[in-house]
Amino acid sequence: MRNPGEAQAGGTVLVAGGAGFIGSHLCAALLDAGAHVTCLDNMQTALPSNLQRLLQRERFSFVEADITQPLPAALTDGRTRFTHIYNLACAASPPLYQADPEHTMLTNVVGTNHLLRLAEQTGARFLLTSTSEVYGDPEVHPQPEDYRGNVNCTGPRACYDEGKRAAEALVFDYARMGRADVRVARIFNTYGPQMRMDDGRVVSNLICQSLEGQKLTIYGSGNQTRSFCYVADTVDALIRLMDSDMAQPVPVNIGTQAEITVLELVAAMEAVMGRPLDITYHDLPQDDPQRRRPDISRARALLGWEPTTQLAAGLARTCEWFAEEIAASRPPAQRVA
Ligand code: UDP
């Protein structure tokens, strides 16, 4: 197998959602591999600092637009022939995607269709970042790609879960009709630097709360499980998936098999912080999945990929990054030299 990203090195790559958490890491990795990268983002949940860092780089350009609307001429006028299109555009944290559920659903369905049409026009290979949420609150454990899921289509998570399921349906229809060459990644819980402090997800919440000396908010009993994958591993898998040869496209789970409870995550945080942390318990949100762990046999076989970052090391790096962000967000008088 070639080095990951080699096939995209001389390419012109569009990353929708490229200023977001995973998207900004992906843009940086593609630039490192030698690609020309155009980032398309509506800056709804993206961190401006992620974009500022990327704007310093050569071969990087930015288009501000919302994919629910017809794509701007800068992308569709035929002057740029994209070779690869990644779609990571959607708010992904439950409180953020539930804040505007109509927009979340349309981003996944209408937005994905706009990007698929661009792929059809330009002949670009298209990669959709789907989600473990397509499995809902799973009754099969761990979750292989052929498990069809247990999603509540009328619940508060449906705008995201069903939106991504519809996006997958569209992508596979384009492939069946010979309209686009497609790849689909189902991303499980991912963490790392460049998340928003107010993202609302468990890793960012627990880290920021412990750094600020607050009690850690645990929803429900804390015995629900997740499998937390470090962002560099996730991005490596996305680039390999885009590179991969597939006669018939199939979805591929991307995540780690190291499943832990939320309370075990607290224990891991205590080890990183070197001190005990206080907890307050809150109600479990509706439709919060009880268990989640990917079966990654397909990613291993097709991509030769395996996550390599241990939770302790990934959490330590993420804590360091958040500590710097918190310090930088304080007025100068309160900063400790
Ligand atoms: N969670 C928690 N405290 C928080 C935020 C989340 O206990 O401050 C729980 C949440 O209820 C869920 C798990 O942690 O069971 C992971 O939540 P997250 O929002 O990170 O991701 P998702 O539910 O989408 O997997």
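Bear in mind that the values here come from a model prediction, so they are computed numbers and not experimental data. Along the sequence shown, residues carry numbers from 1. Each ligand, and each atom within it, is numbered from 1 in the order the structure gives.
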For ligand 1, which atoms sit closer than 4.0 Å to a heavy atom of [X]?
| X | value |
| --- | --- |
| Asn205 | 4 (C), 5 (C), 8 (O) |
| Pro285 | 11 (O) |
| Glu133 | 24 (O) |
| Ile218 | 7 (O) |
| Arg292 | 22 (P), 25 (O) |

Quiz item: Which is closest to atom 15 (O) of ligand 1 in terms of heavy atoms, Leu284, Thr225, Asp288?
Solution: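 Answer by nearest heavy atom: Asp288.
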Self-check item: Atom CD of Gln52: over 12 foreign heavy atoms under 6.0 Å
Solution: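 Atom CD in Gln52 is packed in, count exceeds 12.
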Practice problem: May I ask you to establish whether Arg317 and Tyr230 are in a cation-pi arrangement, using a distance under 6.0 Å from NZ or CZ to the six-membered ring centre and at most 45° from the ring axis? | Solution: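 Positive - Arg317 is close enough to the ring of Tyr230 and near enough to its axis.
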Check this for me, if you would: do [X] and [Y] make a salt bridge, where the nitrogen-to-carboxylate-oxygen distance has to be below 4.0 angstrom?
| X | Y | result |
| --- | --- | --- |
| Arg275 | Glu270 | no |
| Asp278 | Lys215 | no |
| Arg300 | Glu306 | yes |

Practice problem: Fit a plane to each ring of Tyr160 and Tyr97, take the angle between them on a 0 to 90° scale, and name the class: parallel (under 30°), tilted (30 to 60°) or perpendicular (over 60°). | Solution: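 Ring orientation, 0 to 90° scale: parallel.
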Is it the side chain (CB and beyond), the backbone, both or neither of [X] that lies under 4.0 Å from ligand 1, heavy atoms counted?
| X | answer |
| --- | --- |
| Val202 | both |
| Pro289 | neither |
| Pro94 | side chain |
| Asn189 | side chain |
| Arg157 | side chain |
| Thr217 | both |

Exercise. Using distance alone, decide if ligand 1 has a nitrogen or oxygen within less than 3.5 Å of any nitrogen or oxygen in Gln209.
Key: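 No - when backbone and side-chain N and O of Gln209 are compared with those of ligand 1, no distance drops under 3.5 Å.
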Which protein heavy atom lies closest to [atom], and at what distance to 0.1 Å?
| atom | value |
| --- | --- |
| atom 9 (C) of ligand 1 | Gln224 NE2, 3.8 Å |
| atom 18 (P) of ligand 1 | Arg201 CG, 3.6 Å |
| atom 7 (O) of ligand 1 | Tyr219 N, 2.8 Å |
| atom 16 (C) of ligand 1 | Arg226 NE, 3.6 Å |

Donor-acceptor side-chain pairing of [X] and [Y] below 3.5 angstrom:
| X | Y | value |
| --- | --- | --- |
| Asn253 | Tyr135 | yes |
| Thr261 | Asn223 | no |
| Glu139 | Tyr147 | yes |

Practice problem: For the residue pair Arg292 and His141, establish whether any side-chain heavy-atom pair is separated by less than 4.5 Å. | Solution: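 A side-chain contact under 4.5 Å is absent here.
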Exercise. Test side chain to side chain donor-acceptor pair (under 3.5 Å) on Thr38 and Ser61 and set out the steps.
Key: CA-CA 5 Å; Thr38 302; Ser61 57; 3.3 Å; yes
